[in-house]
Structure formats: C-alpha cells, structure tokens
Amino acid sequence: MPVVVVESPAKAKTINKYLGPDFTVLASYGHVRDLPAKDGSVDTEDGFAMLWEVSPESRKHVKAIAEALKTDDTLILATDPDREGEAISWHLQEALASSLKKGKTVARVTFNAITKDAVTEAMKNPRQVDQPLVDAYLARRALDYLVGFTLSPVLWRKLPGAKSAGRVQSVCLRLIVERELEIEAFRPQEYWTVKALLLTPRGQEYEATLTMLGGKKLSKFDIPTAEAAELAVKAVSSRALTVSAVEAKPATRNPYPPFMTSTLQQEASRKHGMGAKQCMNAAQRLYEAGLITYMRTDGIDMAPEAVMAARDEIKRRFGATYVPDSPRMYKNKAKNAQEAHECIRPTDMAAAPDKLRLADTDQKRLYDLIWKRTIASQMAAARLERTTVDVASADGQVSLRANGQVVLFDGFLKIYDEGRDEEGDDEGRLPQIMAGEGAEKRSVTPDQHFTQAPPRYTEATLVKRMEELGIGRPSTYASVLTTIQDREYVRKDKNRLIPEDKGRLVTAFLTNYFRKYVEYDFTADLETELDDVSAGDRDYKDVLARFWRDFSAAVAETADLRIGEVLTKIDDFLAPHLYPLRADGSDPRQCQVCGTGRLHLKTSRSGGAFIGCGNYPECRYTRPISGGEDAGGVDGKVLGQDADGNPISLRAGRFGPYVQRGEATEAQPKPDRASLPKGWSADTLTLERALDLLSLPRIIGPHPETGEPVEAAIGRYGPYVKHGAVYANIPDVEEVFTIGMNRAMEVLAQKAAGRRGAAAPAGPLRVLGDHPDGGEVQVMPGRYGPYVKWGKVNATLPKELTPEAVTLEEALALVAEKAGKGGGKKKAAPKKAAPKKAVAKKAVAKKAAPAKPAAKKPAAKKVAKG
C-alpha cells in the first residue's frame, strides 16, 4: 500500500481517517534535514554547495519511513502546500534516496484543506516536487546562513553583548529602534479646542466644536495657549447661535476581505492580544484538525463552492436582505503577493463557533474570528447616514460644527467589525436638528491638547508595516518576531514592542557598517528576486553570487576595526538621543556628578552597554543608554539632606533608579544605596521616602524568646521580615516601614508553620465592625497575645481588655494611637556612624541570609569598567 508522509502526527491521524486502511500515513515531524551550525555548511567557493545533515531526532522518523517502503512501492509526499512544505518533501526525497532506487515511485500531492473531499481529490492529481519552489527555499536558507554565520562573529568581536544578526530580523529590529528614536526625539506641541454643549428647541443636547473664529477657519494650532482659548470661549459665549446648515449624506461601508496570514495575525493581536507565534500555533492546530484551510497564505480569494456555502449560511441565519445581489470577489493588493492559495476560512461554513467544542482557548477565539470574518466578507454592505450640522453667529465671527452618523442597515456589522490599532473618536448619533432654529448654549469649555508621539509598534502594526514594505513573507513573520524577542533585542510590554539597549546598539552598528543590508528597499528587492526564483524566472545561484560578492567585501572592511573605534562611531551616531540638550544650556556630555568628566558609551565584561563618566574610577556615574540624559529627568537629582547633612540623591543605574546617601569617597568608596521597589515612581519620590529606603534593614525590636533582632527589609524577591536565618515574605512593600512586633511574629509563625506542614493560623476572634474610613476592625489571635487589626495597622490589646469585652470604640482608639505612632516606624533607627560598622553589619547579614532573598539589589552597587 502507498506510504503517505505528512509533517505532524495530528495531520497524519486526520488524513489516515480519510484514506482508510489502504494507505500507510506517517509523520516526518517537520524538517528532517538542516545545515549544520558550523562554518562551511554553505561552500561559497563551490557554487554554493550546501551540506545537509539528518538531525538526530529525525533519524528514527526517516528510518520508519524507509522500513515502510520495503514493502510498499509508492511514496506520496503530502506536506503543506507552500515553499516550506515543498522543501520538506524535497528533503525527504533526498534523505530516502537509497530506499527509492528499486523501481519505486515518488509523487507529490497538495491540498489546501484537510477535508475528505480535498484529500481524496489531491490523491487523484499527483505531481513531482516543484524544483523552482525548492530553489527559492535553498536560496533563502543559504542567504540566512551566510548572513548569520558571517555577520554574527563580527558582532561578537566588535560589539560585546550582541548575540547574532539575521537577514530579515535585523531589518525588522531597525523598524522598532527607529520608531523608538522618533518617540524620544518628539517634542509635544500644545494646542486648544473649544467645545460647546448646545440645546435644541426641543430640549435635546448635542456637542459642537469651534471651527471658525473671527471669520477665519481654524486650523489645528490656531489656538495655541490657554489665554487664546479663553478669548475664543468669550467670543462664543457672548454671541447668540443659530443652526446655519444641516447636511445629511447617505454612505455605505463594505465588508473586509477574508483573512490571509498577516491580517489574521494583526486581528488576533488587536482583539485578543495574541502574539504572532501564538496565533500561528493555534491556526496550525485548527488546520490539522480539518477546521480551516491552510493558514500560511497571502491570498484572499475564496473557492466558488465556499462562496456559495457562505451565502447560503448568511441567508439561513440572517435572512435574504443580508445577502448581496452577487458574490463578492476580492483581489490581493499586497506588494509581491505570490502564494497561490485561498484565503484562511472555515472548511465548513455551517460549523459556527458555538457548535464546536474546542477546549483550547486560543483555538476557540481564533476560529471565532476566522468564521465571523469569512461570513461577513460575503454579507451586504452597511448603510449609514452621516450628518453635519453647522452652528454660527449672525455676524459670521464664530462657527461650530457637530458630526454624527446613524446606521440605517447594519449589514455585515451585525456579525463583525475590524479592530483598530489606535483608538479614535467615534461619531455619535445626533438628535433631530433643523436649519434656522436657535441653539441655546449650556456650556462653552476649552480643552487643552498636546500632539502625540508616534505609537510604539505592536506585533499587529509591525506585521502590517513589514507587509507594506515587502519585507518577509507570511510564513516568516511569526519566527522573525519571536527571534528578536528571544535574543533580548526587543521586549514586549503591554503588547508594545520596545527595543532593549542591545537592540539599539546592534541597529546602530549595522546601520553604520552594513547599511545596505538593513535598507528596506534592498531587503524588499531581494524578496522580489526570490519570488522570481520560485516562479522559475531566475537562477537562485546567480542571486546568491551577486549578494555574496558585495556582502563578503563589506565584512572584510570591518576586519581591522577596534572595539573602541566602533563604540566611538556608535556613540557619535546615537549622540542626539543619548545626550539630549539640557534646559540650562550646559554641555549634555559633561558629567553632572563630578563636573569634569565627559560621558561616553562603554561596555562591561558581561556585555551590557551603558553611559559612563570618563573619570572612572574616581567618578562611578553610570546610566542606561536608553531613557535620555537622566532616564526621565531624575538622575543626580538631589532630594534633600539627612540629619547629618549628607545629600540624598536620586540616581538612574543600569538596572533601574536608586537613591544614594552622599558621594563616593576614598574612605567610603561605596556610599549607601537602595533600589526603588517595584511600583514606586522616580518622578514622585520624596526625601522622606528616600530616607525610609536608606534606613533599611529596619530593626523592629528584639525577639521575645531569643532576644535576637527582628528586621524588616526589601530584598531581591520583595519585602520580608527576618529573625536569625528565617526569612518570611510580606505581601505589601509599604508594610516594611510600619510592621510591628505582633505582625512580624505572625508572619514568622506562618512561615515556620508552613515549613512544618502545619495548618494555617485561625481567623479573627471577633469582627467588631467597620472603620469610619472603610474596612473591618478585627480582634486577631497573636502568638504573644491578642491584638486589634485594621488593614495594615496592628495594635496590641492591653491586658485589662479581653477579646470578648473590647468594644469597637476602644479598638478604634487603639488603632488611631498606633497609626499616629507610625506603627513602630523607625524606632530609634541607628545611624550608620562608621563605614567599618556598616560593612560588618552587611557582612553578618549576608552570611546569615540564604540565597533568597538578598538584602540589597545588586543593580544599585554594580559598576562596570569602561
């Protein structure tokens, strides 16, 4: 019986069900061969000959296929219907060459959906492996290898800390870095608008915006200040207003085309916050389960039978009015669209999301998107009425405008509307308004605005931008975005992509020394050449030869570069962003700590880059390369002085902001420092809060049994209390500064009970009632006697008051007294008189403490050499 090979066991299981016992269906588990990760895998001196190896994990799969072929004469390669799938089939044919010699036949079949009809029809139309598609794959693989294994060592030698570079990944990284530089260089511009809340003669309210002042049409920045806005308000308030014109225009909104790979990734990101990799993993499982068509495509056309099925489903669900007169046809406008596949759609239009029992949340959400988008793409257009109302004064000096719209027929909007990358103002519905009627003013208010910097990319907007530029292809977007995050060149925060320092440096280096290869047009043109290869119109070795000739020459030019020279060039290149102009006009590269050193780019042994003072080691000032002159205007900011007159300053270190007491001296080269806890803002930090941090570790008091001190501090893993070698975490960082002995004993007892496997402490003895400021007042059992608890305030119950007899009023008095004392805050906090004592104290704490948590955050102390 024929041996059918597909990529995954899930796909094999589904296809085996359709083909029955007359076929043996096996899985290759993806690619079976790859280029070894070493020099020489692509021989540039021998016509770009490529050395392939069967990976160790793939050998058993290849062996299983070879064993099956001993009794079967036909090998059917049924891998995915794209360039990558064609490559897997080619690799299998090559790896199984020794098993295919004795009169055995090899056939290649493709299907766009894993359904019984699609699979059985494909088996009737076998073909050979498409060599031009394979050549396009070989060219891409060789290019990626040559760039990676040639350029990455240059980065390692010239730019410590850089991990690697890639052909498409580096261009994608450049997009993110350049957007961040735009944001940092952006200076907001103030402008004002004036809005009036108006009333119709029938008592209905609507809002209008001032569009004309002094008989002149206003542009965006024509009201630049609060004073100008007040004058505009007076001009509107002092005049009677009348509706001068009402214009209602019919409009239509057509549905969106069905999904292709890029638009699916964008919409999954917008609506569900799914990353490109997460989206494609879910889509892959839906495809292998036979629920959707192939998910790597830039085609948006739909098979005629699918169109008719969608129209039938629309009519059945919503009625004939929602079915357009003729089927909708879509044509791809994307640059270099070349994958000749259908759109991404359900294989069965009647299989609505609510009918499927999908346990996986990602698959469920993604199928819901695909089904709704597909059905909506064949629905009737929405009909709207857009209304514009002009309100003006009789003298023509002021005019205001109100806009609104009414949905007359929802059409496709009944089921689906596309998400937005950025929120905008939606036009609301207006009441009935007639020309010539009066407009009574309820209020006239000025609104201050500032121009906004361009937004950081999300995965959705980045994929959209790459698609517009012609960079990458549908099958590569997810891996490109994953790679730059895995290499720690980019991080994702609240779905926004932010370049790390390493990413900035790599981009600066490549832009200076390999600019041609990170140019958008060059990368897009190379993609076009590869498309020509896949179409059989260009020889892939000619493409490789032209690329390698220029690229190898560019690499050779960097051979004699020294690290210092590279850092200087990158420093100069990034200077406008690393050293922004200061408000006082002083030299932005002059160190404000020592006053004489000059700031410049440095690298540490660990490979991290940062800005440091040229007077090191006399001056140990450092800051991150990102964040501008002082990482938000805080670095070196003096908050005040302590009781001994030492300046308390706020600093920006390479690992985040911290506070420091005094300056480094010969006697004390490492002044007291404390990192800001998570959630604390450097912008709002006060002297009192800084002193609180520097007072840690805080002595709560002697332990009632051992007499050893009980301390509260903030460590690497958050706030904690400590007695001897026992550390117990505190849930809230603020409690570090207020926790008393009763509460500390409770936390330590819970930690000890947890170690012994004991049950958790009992609940409150009594709930006395609510505090006037909110929250229950409770009587709690303590190891050393009962106490009153309200929020984070714990007040010991005097001996004359028993838990059963204490009243709410008495408890409130105890709580108020405790809160007034600061909850035991800084009881006679000892001054750090001499460096030796301070160092000794830290050494003892370090010796007693386990690996978790550390009393001081290393980031605040570590200074790397330039």
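This one's a predicted model, so the numbers in the text were calculated from it and none came from an experiment.
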Salt-bridge present ([X], [Y]; N to O < 4.0 Å):
X	Y	answer
Asp692	Arg689	yes
Arg698	Glu711	no
Arg743	Glu735	yes
Asp360	Lys364	no

Keeping [X] on the side-chain end and [Y] on the backbone end, is there a donor-acceptor pair under 3.5 Å?
X	Y	value
Trp790	Gly774	yes
Lys277	Cys279	no
Glu267	Leu264	no
Ser269	Gly273	no
Lys414	Tyr416	no
Thr482	Ala478	yes
His771	Asp773	yes
Gln189	Arg187	no

If the plane angle is over 60° it's perpendicular, under 30° parallel, otherwise tilted; pick one for Phe737 and Trp680.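 Tilted, since the angle between the ring planes falls between 30° and 60°.
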
Using the six-membered ring wherever Trp is involved, compare the ring planes of His703 and His723 and label them parallel, tilted or perpendicular (cut-offs 30° and 60°).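 Aromatic pair His703/His723 classed parallel.
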
Only one of Pro719, Pro697, Ser695 forms a side-chain contact (heavy atoms from CB on, under 4.5 Å) with Val736, so which one is it?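 Among the candidates, only Pro719 passes.
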
Hey, are [Y] and [X] close enough side-chain-wise for a donor-acceptor pair under 3.5 Å?
X	Y	answer
Asn495	Thr458	no
Glu746	Tyr787	yes
Glu459	Gln485	yes

Evaluate Asp672 against Gln660 for side chain to side chain donor-acceptor pair (under 3.5 Å), listing each step before the verdict. CA-CA 6 Å; Asp672 293 336; Gln660 176 174 304; over 6 Å; no

Could you walk me through whether Arg766 and Glu776 pass the salt bridge (Lys or Arg N to Asp or Glu O under 4.0 Å) test, one step at a time? CA-CA 10 Å; Arg766 286 180 64 200; Glu776 289 184 340; over 6 Å; no

If you look at every heavy atom in Pro704 and Met745, which pair is closest and at what distance?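 Minimum heavy-atom contact is CD-SD, 4.0 Å.
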
Closest approach of Ala460 and Arg270, non-hydrogen atoms and distance?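 Shortest heavy-atom contact: CB-CG, 4.3 Å.
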
Distance in Å, Trp192 CH2 paired with Thr225 OG1, rounded so as to fall on 0.5 Å steps: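 If I round to the nearest 0.5 Å, the distance is 8.0 Å.
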
Within 45° of the ring axis of Tyr457 and under 6.0 Å from its six-membered ring centre, is that where the NZ or CZ of Arg179 lies?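 Yes, Arg179 and Tyr457 form such a contact.
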
Taking the six-membered ring of Tyr206, is the NZ or CZ of Lys441 close enough (under 6.0 Å from the centre) and on axis enough (within 45°)?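 No, Lys441 does not sit over the ring of Tyr206.
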
